[in-house]
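Remember, it's 1-based here, ligands and their atoms both numbered in the order they're listed.
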Amino acid sequence: MEVFLWTFVAFSVVLNRVTGSHVPENSGVCFPRGFAFGVATASYQIEGAWNISGKGESIWDRYTHAHPERVFDHNNGDVAADSYHQWREDVALLKHLGVSFYRFSISWSRILPSGFSNEVNEDGIKYYAELISALESNNIAPVVTMYHWDLPQPLQDLGGWTNPIMADYFVDYATVLFDRFSSSVKMWITFNEPLSFCHDGYGGDDAPGGRSSGIETYMCGHNVLRAHGKVYKLYQDRKKQNKAPGWIGITLDMPWMEPATTAREDQEAAEIARQFIFGWFAHPIFSKEGDYPEIMRKRIDEKSRVQNFARSRLPHFTANEVRSIKGSFDFLGLNHYTTYLASPAESHSPGKEPTFEDDMGVRITQKENWPKSNSTWLRIVPWGFRRALNWIKTSYNNPPTLVTENGISLAPGTHDPKRINYIDSYLRALHDAILKDKCHVIGYTYWSLIDNFEWMRGFSERFGLYQVDYTSPKRTRTARLSASYFGQVANTLCLPENYVEYTVTN
Ligand code: PNW
């Protein structure tokens, strides 16, 4: 079990906890000592209290109020799982599970109601400070996402992430968070899935509802990368003054892209999709060279020229920016749920509207016989997880990786063997990736602790280990079967016998 011993020791120090001290040797599928299990949530999806105790309006408040018809069940996060009031119950669930960390996000508008740091909402500070201290007294490490999609509306009114000055306002927000919380929080994640909020927020269906794929999407990504680099530097400067002895990283989403067939053009298409979907953010931060992936630069530059733009729709970094973004990580946060098949898209006429999809030029599908979840995009393909981890290892020199999300949505109900099957099969794939392939993974996070507001799908898709009753005043939480399974894994670091094996072939 000597894989990456040093990182496990360092990670244990950061988490202030060594896991698995009682793991027996040779007892089947067990994770290395020091490997950590946790669960995740995000502010807008669970907190509710959207306008209570000084919180300002976020883009998700504005968007769901203005466009209930765009949300599948016409709901919103005004109350959600009411974790603003029920957080003590959430901490009790975490304790009951026996996880070593809890990944949650801070709502920017709850801390800085206008988005700017001139006015700090002390009630908001108090909410998170109490949560963090309750976690500490239960020996659960907080892993904090600074931005999980809920931008303060006043900043959106200035253009949101398409405005370059956002990088500076994000630094101001981060400064407040580090000042107030970095004595307790040792694991920080700047952004959750920039691909999702830049692509879906500025060129898809998510808040703020931008409909400018292929233009604003890239402006957003550009400014998010600049913001991330600046906040990484801020944290390093504080480390030097010994004010912040922790780790900071970014969470990126990587579904595995498998070539639809063994044909060369499908293999090429799969690699192009990996670069557009993951490399867009990973290459500037985690590669030796820095900057955007070459293939992305080439394709978008060419398309832009053919479409008669005077310059590429993909902005350029200055040499200084490339330098400051490159290497800006202590770890990679990885969200992984599913796998897709890639083949070349049929070519489009040159005059076509610019979009991210057209730039990428890849047709993305799934196999009908891959088992389904309750989300149209999510099928159960555990071997894709192992391949994704190996691709990351090879492409970016095996960075320390914390799996910050993995999970499945199922129909309501607490009897959820299919969720156990999903987690178990993905954990077996992860175990192979760590022990056989030597992928540098230090921990695993299940999404989610509790059912929550699943963005444009409202409450219709449930990912929780605990079911939430949205009709009860306290949003009562009830353990699912999978909670006892996951608790057992978190406590023993070993997978129980007799769960269905995953298959390694497609
Ligand atoms: C994540 N995909 O988003 C988000 O971080 C969570 O807030 C969300 O609740 C969770 O996944 C479940 O959807 C994703 O298409 C969005 O592969 C899309 C994908 C993956 C994750």
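Each of the following atoms of ligand 1 lies closer than 4.0 Å to a heavy atom of H148: 4 (C), 5 (O), 6 (C), 7 (O). Ligand 1 places these atoms under 4.0 Å from at least one heavy atom of N335: 5 (O).
Put simply, part of Y340 is less than 4.0 Å from ligand 1, judged by heavy atoms. Residue-ligand proximity: R457 is placed with every non-hydrogen atom at 4.0 Å or more from ligand 1.
Ring to ring, Y444 and Y446 are not that close: their centroids are 6.0 angstrom or more apart. With ring centers used as reference points, Y426 lies under 6.0 Å from Y422.
No side-chain donor from either of Q86 and D90 sits under 3.5 Å from a side-chain acceptor of the other.
The distance criterion of under 3.5 Å between nitrogen or oxygen atoms is met by E193 with respect to ligand 1. Backbone and side-chain nitrogen or oxygen atoms of N452 are examined, and none is located within less than 3.5 angstrom of a nitrogen or oxygen of ligand 1. Below 3.5 Å of separation, one finds no N or O of W377 facing any N or O of ligand 1. Some N or O of E405 is nearer than 3.5 Å to an N or O of ligand 1, by distance alone. Residue W447 has at least one N or O atom closer than 3.5 Å to an N or O atom of ligand 1.
Within a 6.0 Å sphere centred on NE2 of H74, other residues, nucleotides and ligands contribute more than 12 heavy atoms.
Across every non-hydrogen atom of V468 and D451, the tightest pair is N-OD2, 3.2 Å.
Geometrically, R297 does not engage Y292 in a cation-pi contact defined by less than 6.0 Å to the ring centre and at most 45° from the axis.
For atom 13 (O) of ligand 1, the closest non-hydrogen atom of the protein is E454 OE2, 2.5 Å. Of all protein heavy atoms, the one lying nearest to atom 10 (C) of ligand 1 is Y337 OH, 3.3 Å.
Atom CZ of R379 and atom OG1 of T339 lie 12.0 Å apart (nearest 0.5 Å).
Put simply, the side chain of S213 gets close to the backbone of F356: a donor and an acceptor are under 3.5 Å apart.
Residue L378 does not touch ligand 1, judged by heavy-atom distances below 4.0 Å.
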